[in-house]
Amino acid sequence: MTPTLPRSALAGVLAAGAGLGAAELVAGLFSVRETPVEAVGAAFIDLVPPWMKDLAIQLFGTNDKLFLVILIVVLLGALSVAAGIIAAFRRGLGLVLLVVLAAVATLAAATRPGAGVTNALPSLAAGLVAVVLLPFLLDRFVPKRESDNGRRELLLNAGAVALGSLLAAGAGRLWLGRRLGLEDARSALNLPSPPTPQPPAIAELGLKGLSTWQTPNDTFYRIDTALSVPLVDPNEWRLKVHGMVEKPIELSLADLLKRPVVHSWATLACVSNEVGGDLIGNAQWSGVRIAEVLREAGPLAGADAVKSTSVDGWTCGTPLSVLTDARDSLLAFAMNGAPLPLEHGFPVRMVVPGLYGYVSATKWVVDIEVTRFDRFDAYWTPRGWDEQAPIKTQSRIDVPRSNATVPAGDVVVAGVAWAQHRGIDKVEVRVDEGPWQAARLAGEPTVDSWRQWTWQWTGATAGSYKLQVRATDAEGDTQTDQLAPPAPNGASGWHTVSVKVN
Ligand SMILES: Nc1nc2c(c(=O)[nH]1)N[C@H]1C(S)=C(S)[C@@H](COP(=O)(O)O)O[C@H]1N2
Ligand SMILES: [Mo]
């Protein structure tokens, strides 16, 4: 191989540039405000001594940040030229240089104040793309024979990579801009008498380690098939209600907000939640009863289902009877007193107490079709999940945690139990398959939410034990001990926790 320096250098710059393009795209998709260059710049500012900062301000005035970004880009350019040239001779060594660059950016991004895991994703994507692309480009750019200078191929490849990088960056910027614009629209939204939800005091035992009765929005589990959050402009949102109805209707958000609004607590649960799992949360939902809207449209005889569709095409099938009975099945626009977070279905989603999310809780809902179950398949049905799925009575031990070690004596055991829209009447705990002992229950402000419970394990002595819990719903049905996996209609079995007493 006869490596030619300019071509290897070009390969290095293109690989790094494509990495930055990918980073912009990923930043846009995951709503990360700082791209790798900006993260490195910000980390640099935090690290440099004050005299250097002062010097920079003296030299460049208010352009000091711009200068820093340019400096980093130039430095990155020089290092990627070096990576390309080194890789032409010692491939592994050149790639290591790229990995180090990406690692520095990742570290900078991940250690920004308030940074989460997603902040690292753009830099990781940049590193990955650059490391994959550099060998590919070198193989194409560097001629294998003297006679074959491959200028045409070089230009085509270089042009394609540069164009692709720019397109990725542009798409990322555009997406991020829309997302931030939507966040603004969300904060500006004027909801009817915004409630400040106060969880009823009787529901909250306030024990350490026990899940709070109300789940805050930022820790509420999120499940959906959307790769990136669907962005729906609240001013353009429309809900079509049609199908087997006397009078199809179409609602804007303003139309919806003119109707009677209810604020009701309900516990949302995912069918994929394992026994003891945390894909469940309780919130106050504000919205309009679906029954109200359906009554206006007038379902025709013979209809038994509602097929709801999200703006991203995801579909869900819910029994018509559940949406028209007395429970608060909602077209919800607020969660815990705030406009729905984008991830939880902004501007409007469905919430139906008593049914697993996949058959009831359509986020970003735009279409409600009254129909029959024998006329359609919702998204998850052909994928091995039941057409209809009421939530199974379940209970969970939150304290002590599994495999915890606790001091001998009196041990507080506590958790939550749920049987949405039926209610919880009894929770029992047992130690090492001994007799079942009744737990003390917190109040139950609504049968649509989970219920906290606690049981005092008195005089626990040193040793290893197995704690188990089971709940009985208000219909008198006790949670089955039969272990079942989540598919096809929800996990069952008793939550079991191993603890050590010393
Ligand atoms: N548009 C849309 N809505 C959806 C889903 C989805 O994939 N797409 N998933 C459902 C499932 S499986 C669950 S458990 C709940 C979860 O709602 P959350 O993310 O607000 O907790 O949303 C439901 N609504
Ligand atoms: Mo789910």
Side-chain angles (χ1 to χ4, degrees), residues 27-33 116 118 172 174-197 214-241 250-259 261-268 270 279 281-290 293 308-316 318 328-352 357-358 360-368 379:
L29 292 180
F30 291 90
S31 302
V32 178
R33 282 165 202 250
T118 48
L174 214 71
W175 190 264
L176 189 62
R178 278 196 60 199
R179 161 102 202 206
L180 298 183
L182 209 57
E183 290 284 9
D184 291 344
R186 177 177 172 264
S187 336
L189 213 59
N190 215 343
L191 296 178
S193 57
T196 38
Q214 175 184 20
T215 313
N217 289 355
D218 57 357
T219 54
F220 207 96
Y221 82 96
R222 174 191 170 190
I223 296 283
D224 53 64
T225 57
L227 267 185
S228 75
V229 178
L231 302 179
V232 184
D233 184 333
N235 297 311
E236 276 157 32
W237 178 83
R238 295 288 181 280
L239 177 69
K240 280 204 178 73
V241 183
E250 191 175 305
L251 298 174
S252 68
L253 189 56
D255 296 333
L256 189 71
L257 296 181
K258 274 183 215 137
R259 277 147 227 265
V261 169
V262 300
H263 310 290
S264 46
W265 295 92
T267 296
L268 203 63
C270 183
L279 299 180
N282 185 45
Q284 189 193 60
W285 307 94
S286 304
V288 172
R289 300 187 66 245
I290 299 175
V293 174
S308 52
T309 307
S310 158
V311 72
D312 66 355
W314 186 85
T315 55
C316 168
T318 313
D328 280 341
S329 297
L330 299 184
L331 286 164
F333 48 76
M335 179 178 184
N336 288 324
L340 281 182
L342 301 196
E343 289 78 8
H344 293 289
F346 182 80
V348 179
R349 73 172 306 167
M350 288 172 47
V351 174
V352 179
Y358 84 105
S360 69
T362 308
K363 304 193 271 189
W364 316 287
V365 64
V366 291
D367 191 287
I368 282 186
Y379 183 88

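For this chain, numbers begin at 1 and follow the sequence in order.
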What distance separates [X] [atom1] from [Y] [atom2], expressed to the nearest 0.5 Å?
{"X": "Tyr358", "Y": "Ile223", "atom1": "OH", "atom2": "CD1", "value": "14.0 Å"}
{"X": "Arg186", "Y": "Leu180", "atom1": "CZ", "atom2": "CG", "value": "13.0 Å"}
{"X": "His263", "Y": "Leu330", "atom1": "NE2", "atom2": "CG", "value": "10.5 Å"}
{"X": "Arg238", "Y": "Asp255", "atom1": "CZ", "atom2": "CG", "value": "7.5 Å"}
{"X": "Asp312", "Y": "Asp224", "atom1": "CG", "atom2": "CG", "value": "7.5 Å"}
{"X": "Ser264", "Y": "Asp328", "atom1": "OG", "atom2": "CG", "value": "4.0 Å"}

Using the side chain to side chain contact (heavy atoms under 4.5 Å, CB included) rule, take Val348 and Leu239 through it: C-alpha gap first, then chi angles, then the decisive distance, then the call.
-> CA-CA 9 Å; Val348 179; Leu239 177 69; 6.0 Å; no
Checking the side chain of [X] only, and the main-chain atoms of [Y] only, is there a donor and an acceptor separated by less than 3.5 Å?
{"X": "Trp237", "Y": "Val365", "result": "yes"}
{"X": "Lys363", "Y": "Glu343", "result": "yes"}
{"X": "Arg179", "Y": "Leu231", "result": "no"}
{"X": "Asn336", "Y": "Gln284", "result": "yes"}
{"X": "Trp175", "Y": "Ser31", "result": "no"}

Minimum-distance pair of heavy atoms, taken over all atoms of [X] and [Y]:
{"X": "Pro341", "Y": "Asn217", "result": "CG-ND2, 4.0 Å"}
{"X": "Val311", "Y": "Pro230", "result": "CG1-CB, 3.7 Å"}
{"X": "Ala283", "Y": "Met335", "result": "CB-CG, 4.2 Å"}
{"X": "Trp265", "Y": "Asn282", "result": "CE3-ND2, 4.1 Å"}
{"X": "Thr215", "Y": "Gly281", "result": "OG1-CA, 3.4 Å"}
{"X": "Cys316", "Y": "Ala361", "result": "SG-N, 4.3 Å"}

Taking atom types as modelled, is there a side-chain donor on Asp184 or Ser187 under 3.5 Å from an acceptor on the other?
->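 The criterion, which ignores hydrogens and geometry beyond distance, is not satisfied for Ser187 and Asp184.
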Between Val366 and Lys240, does a side chain to side chain contact (heavy atoms under 4.5 Å, CB included) hold up when you go through it step by step?
-> CA-CA 6 Å; Val366 291; Lys240 280 204 178 73; over 6 Å; no
Are there more than 12 heavy atoms of other residues, nucleotides or ligands under 6.0 Å from atom CZ of Arg222?
->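 Count over threshold, so yes.
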Does the side chain of Leu189 reach to within under 4.5 Å of the side chain of Pro234, using non-hydrogen atoms?
->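 When only atoms from C-beta onward are counted, Pro234 and Leu189 do touch, with a gap below 4.5 Å.
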Please examine the side chains of Leu331 and Ile368, heavy atoms only from C-beta on, and report whether any two atoms are closer than 4.5 Å.
->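 Yes - at least one pair of side-chain heavy atoms lies under 4.5 Å apart.
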Once the angle between the rings of Trp314 and Tyr379 is folded into 0 to 90°, is it parallel (under 30°), tilted (30 to 60°) or perpendicular (over 60°)?
-> tilted
Between Thr318 and Ile290, is a side chain to side chain contact (heavy atoms under 4.5 Å, CB included) present by the stated rule, with each step listed?
-> CA-CA 12 Å; Thr318 313; Ile290 299 175; over 6 Å; no
Are Val261 and Phe333 close enough, and set up right, to give a side chain to side chain contact (heavy atoms under 4.5 Å, CB included), and what steps lead you there?
-> CA-CA 10 Å; Val261 169; Phe333 48 76; 3.8 Å; yes
